[in-house]
K.L.:
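Below you'll find the structure I mean.
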Amino acid sequence: MSDGSSISSHDGHGPSFTFYPAIYVLPTHLSLESLHRVEECLLNRDARLTYDPSEARVFLGNIGQRKRAILELRSRGVCTELEMRSVPGGVHVDGALDLGTETESDGQTNQSTGHLKRARSSDAEVDGSFINSDLIRVVRLGWLEKCVEEKDLVPMDQYIIYQGRRVQHPDDKATKGSEILHRAQQDVSRPHRGTTHRGTTHRPPKLYKQSTSENEDTPPPAPDWVTNHVSYACMRSAPLHPPNERFIDQLVKIRKVRELTLDEIGVRAYSTSIAAIAAYPCEFRRASEVLALPGCDMKIANLFAEFQQSGDGSLVAASALDTDPVLRVLHHFYRIWGVGAKTARDFYYARQWRDLDDIVEHGWNSLSRVQQIGVKYYDELLEGIPRAEVEEIARVVHRHASAVRPGVECIVVGGYRRGKEASGDADLVLSHRDESATHNLVVDVVSSLETEGWITHTLALHLTTSTRDQQTLPLRHDTGNHFDTLDKALVVWQDPSFNDTSPSTPEKKKRNPNPHRRVDIIISPWRTVGCAVLGWSGDTTFERDLRRHAKKSRGWKFDSSGVRERTSGGQVIDLERGGETWQEREKLVMEGLGIGWRPPGERCTR
DNA sequence: TGGCAAATACTG
DNA sequence: CAGTAT
DNA sequence: GCCA
């Protein structure tokens with residue numbers, strides 16, 4: 001690590017912290033810029049930085065009080081007992097478990113010990129006894145500054161605010177215990193690269209760094225939404241393939257694990273983080289860049305550090321999805337249409353099933369009808385639908401819709417509209433400028449398609465406005481009644497036409513080789529078509545934040561069927577009146593909601 | 001420390 | 001009612 | 001897991 005180019009990565013004259021234990025920088029009382037500067041400084045000097053408090057042994061921070069230090073540690077789940085003995089000449093404090101009753105003793109107490117050891121530590125042996133121990137230290141930032149100033153390692157002693165030894169969590173719950181155990185097991189099974197066992201600590205990628213220039217380390221200026229702390233995904237542009245896509249893929253896998261383990265809050269948290277990262281316009285180079293994003297904190301920054309230092313860009317927690325035998329099976333079941341996390345777990349734990357064959361063999365009759373369909377077409381429904389085929393499906397649906405309602409419009413929404421190369425399903429919105437034309441439209445379109453053989457199964461029919469309006473209020477069917485969601489049909493689709501090349505056996509019809517597809521047909525009255533299209537075009541987090549933003553900033557309730565006041569009896573807010581086309585109307589809604597317009601290709605929050 | 005998007009239809 | 005889907 |  002010390003060849004000619006070490007000059008640049010060491011500023012030409014800095015001490016090396018190579019032999020120091022993992023360092024965690026306490027963000028408290030530090031601006032983001034300062035935090036970044038400190039991190040940069042450490043990285044330049046080969047320090048092992050970590051964002052995982054559980055593996056850090058040096059906590060560097062802009063704090064002065066021991067009480068504060070203990071607080072900082074505890075808030076990060078680091079429980080310690082005071083340990084002063086190994087500080088040369090250190091004040092031996094008994095009754096070590098004082099966690100916060102102290103008021104007068106601060107860093108100064110320990111500093112009285114500083115002179116003694118200074119005599120015997122002026123070189124690499126500095127802090128040696130500490131380095132080879134399992135002690136935890138909270139150290140004032142001044143230590144680093146001093147090291148830089150002296151261009152050499154300086155003993156920590158004068159700067160130690162607190163020193164302790166890890167103890168077991170006093171409130172260690174079963175869940176936490178098993179989590180730790182789980183992590184430990186993962187660590188064992190994890191193929192460690194290289195010679196280290198440093199977990200998620202990371203070093204600067206040497207070769208990479210050395211070949212780059214002086215201001216290599218200055219991260220690109222943060223985008224507006226970072227500096228302004230814009231925390232709504234619907235107010236940022238997130239492209240289909242963002243620069244940090246590989247990291248996002250890993251986080252998405254972790255989120256999937258959270259789904260499978262019924263951790264809804266974890267799912268939401270990861271979704272928020274992912275959405276922010278998906279909007280970030282350049283590749284991260286430092287974990288501190290991650291830290292600056294709204295919705296991302298130490299946990300995510302730490303995962304990025306792991307991502308960066310792992311040779312193959314994989315995260316242990318993400319790999320579990322393919323590695324862990326339980327998660328593998330749960331995931332397998334979860335991908336059956338009609339089976340969610342609860343049912344997948346039920347299949348595994350209660351029924352003791354392990355694959356689709358078990359389901360078919362031992363539980364077929366206990367499945368719901370749609371679950372049977374989901375199992376039957378398991379592989380085909382998981383295949384993505386190429387864009388050309390989505391367009392084809394849309395043409396057919398439009399043709400049938402036009403036959404029953406001339407003048408109807410068919411809008412492809414969903415992943416297709418965001419630009420995805422292959423969609424999980426085809427989402428289509430049907431609308432008509434004549435509102436009366438949308439009544440019973442789903443039913444008419446679906447039966448027409450069924451008759452012609454395009455729809456093989458109807459998984460669900462949601463009939464709300466049409467039937468009810470017509471039954472209860474035939475005279476004013478469309479006036480103001482927006483308290484319901486849209487009519488829709490969730491169907492299984494298959495192109496009925498195929499080459500019957502060998503009519504040699506006329507009795508036996510040849511099996512249709514075309515894959516089964518999932519198609520959603522949504523009906524929207526024209527007056528809210530902008531809302532429908534907006535509500536059906538964004539990724540989940542985009543849509544979630546749309547609603548959150550409408551609520552927080554306007555006191556409105558937004559969904560694909562319209563916008564209304566949150567007050568009881570909520571007045572309908574018509575934001576799209578005046579828009580001639582559905583595109584214009586969607587834009588009016590976005591502007592009216594105060595999020596500004598952005599094309600569907602920039603609503604990819606993952 | 002509480003909140004996190006949201007409503008509705010359908011199934012067993 | 002609990003669970004799933006959009 | 002993050003934030004107000």
K.L.:
Distance alone, cut at 3.5 Å: any donor-acceptor contact between the side chains of R351(A) and S366(A)?
P.N.:
yes
K.L.:
So, OP1 or OP2 of dC4(B): does either fall under 4.0 Å of a side-chain N or O from R547(A)?
P.N.:
no
K.L.:
For dC3(D) and R548(A) - does any side-chain N or O of the residue sit under 4.0 Å from the phosphate oxygens OP1/OP2?
P.N.:
no
K.L.:
Could you check whether T540(A) gets within reach of a base, just the sugar-phosphate, or nothing at all, counting any heavy atom under 4.0 Å?
P.N.:
base
K.L.:
Considering every strand and a 4.0 Å limit on heavy-atom distances, what is the contact class for L459(A): base, sugar-phosphate, or nothing?
P.N.:
nothing
K.L.:
Please give, in whole Å, the distance from dA2(C) C1' to E264(A) CD?
P.N.:
13 Å
K.L.:
What does V370(A) touch in the nucleic acid at a heavy-atom separation under 4.0 angstrom: a base, only the sugar-phosphate, or nothing?
P.N.:
nothing
K.L.:
Touch check for A489(A), heavy atoms < 4.0 angstrom, all strands: base, sugar-phosphate only, or nothing?
P.N.:
nothing
K.L.:
Ignoring the backbone of T343(A), work out which of dT4(C), dA7(B), dT6(C) is nearest its side chain.
P.N.:
dT4(C)
K.L.:
Could you list the residues that satisfy side chain to side chain donor-acceptor pair (under 3.5 Å) with W225(A), not counting sequence neighbours?
P.N.:
none
K.L.:
Just N and O in the side chain of T272(A): are any of them under 4.0 Å from OP1 or OP2 of dC4(B)?
P.N.:
no
K.L.:
Without decimals, in angstroms, what is the distance between I265(A) CD1 and dT1(B) C1'?
P.N.:
14 Å
K.L.:
Under 4.0 Å between a side-chain N/O of K299(A) and OP1 or OP2 of dG1(D), yes or no?
P.N.:
yes
K.L.:
Under 4.0 Å between a side-chain N or O of W337(A) and OP1 or OP2 of dT6(C)?
P.N.:
yes
K.L.:
Could you check whether E383(A) pairs with R517(A) (Lys NZ or Arg NE/NH1/NH2 to Asp/Glu carboxylate O, under 4.0 Å)?
P.N.:
yes
K.L.:
What is the nucleic acid contact for R566(A), judged by heavy atoms within less than 4.0 Å: base, sugar-phosphate only, or nothing?
P.N.:
sugar-phosphate
K.L.:
My understanding is that only one of R255(A), K256(A), R258(A) makes a salt bridge (Lys or Arg N to Asp or Glu O under 4.0 Å) with D263(A); could you say which?
P.N.:
R258(A)
K.L.:
Atom CZ of R345(A) to atom P of dG3(C): distance rounded to whole Å?
P.N.:
12 Å
K.L.:
In this structure, how many angstroms lie between the C1' atom of dC2(D) and the OH atom of Y232(A), rounded?
P.N.:
14 Å
K.L.:
Is any side-chain nitrogen or oxygen of R544(A) closer than 4.0 Å to OP1 or OP2 of dA6(B)?
P.N.:
no
K.L.:
In whole angstrom, what separates H549(A)'s NE2 from dG3(B)'s P?
P.N.:
22 Å
K.L.:
Please classify the nucleic acid contact of R518(A) as base, sugar-phosphate, or nothing, using heavy-atom distances under 4.0 Å.
P.N.:
sugar-phosphate
K.L.:
For I300(A), which contact category applies under a 4.0 Å heavy-atom criterion: base, sugar-phosphate, or nothing?
P.N.:
sugar-phosphate
K.L.:
If you measure from the P atom in dC4(B) to the same atom in dT6(C), how many Å do you get, rounded?
P.N.:
24 Å
K.L.:
Categorize F558(A) for me: base, sugar-phosphate, or nothing, with a 4.0 angstrom heavy-atom threshold over every strand shown.
P.N.:
nothing
K.L.:
Could you tell me which residues satisfy side-chain contact (heavy atoms from CB on, under 4.5 Å) with R547(A), sequence neighbours excluded, listed by chain and number?
P.N.:
F558(A), D559(A)
K.L.:
What is the distance from CD1 of I373(A) to P of dT11(B), rounded to the nearest Å?
P.N.:
11 Å
K.L.:
Just to confirm, is there a sub-4.0 Å distance from OP1 or OP2 of dG3(B) to any side-chain nitrogen or oxygen of R268(A)?
P.N.:
no
K.L.:
Rounded to whole angstrom units, what separation is found between the CG atom of D545(A) and the P atom of dA6(B)?
P.N.:
11 Å
K.L.:
Any side-chain N or O of K551(A) below 4.0 angstrom from OP1/OP2 of dC4(B)?
P.N.:
yes
K.L.:
With a non-hydrogen cut-off below 4.0 angstrom, is G266(A) in contact with a base, only sugar-phosphate, or nothing?
P.N.:
nothing
K.L.:
Within the side chain of D324(A), is there an N or O that forms a donor-acceptor pair under 3.5 Å with the backbone of L327(A)?
P.N.:
yes
K.L.:
Could you tell me how far dA9(B) sits from dA5(B) if I compare only their P atoms? Round to whole Å.
P.N.:
22 Å
K.L.:
Mark yes or no for whether E576(A), through its side chain, and L588(A), through its backbone, hold a donor-acceptor pair below 3.5 Å.
P.N.:
no
K.L.:
Classify L461(A) by what it touches in the nucleic acid, base, sugar-phosphate, or nothing, heavy-atom distance under 4.0 Å.
P.N.:
sugar-phosphate
K.L.:
Atom CG of D346(A) to atom P of dT11(B): distance rounded to whole Å?
P.N.:
20 Å
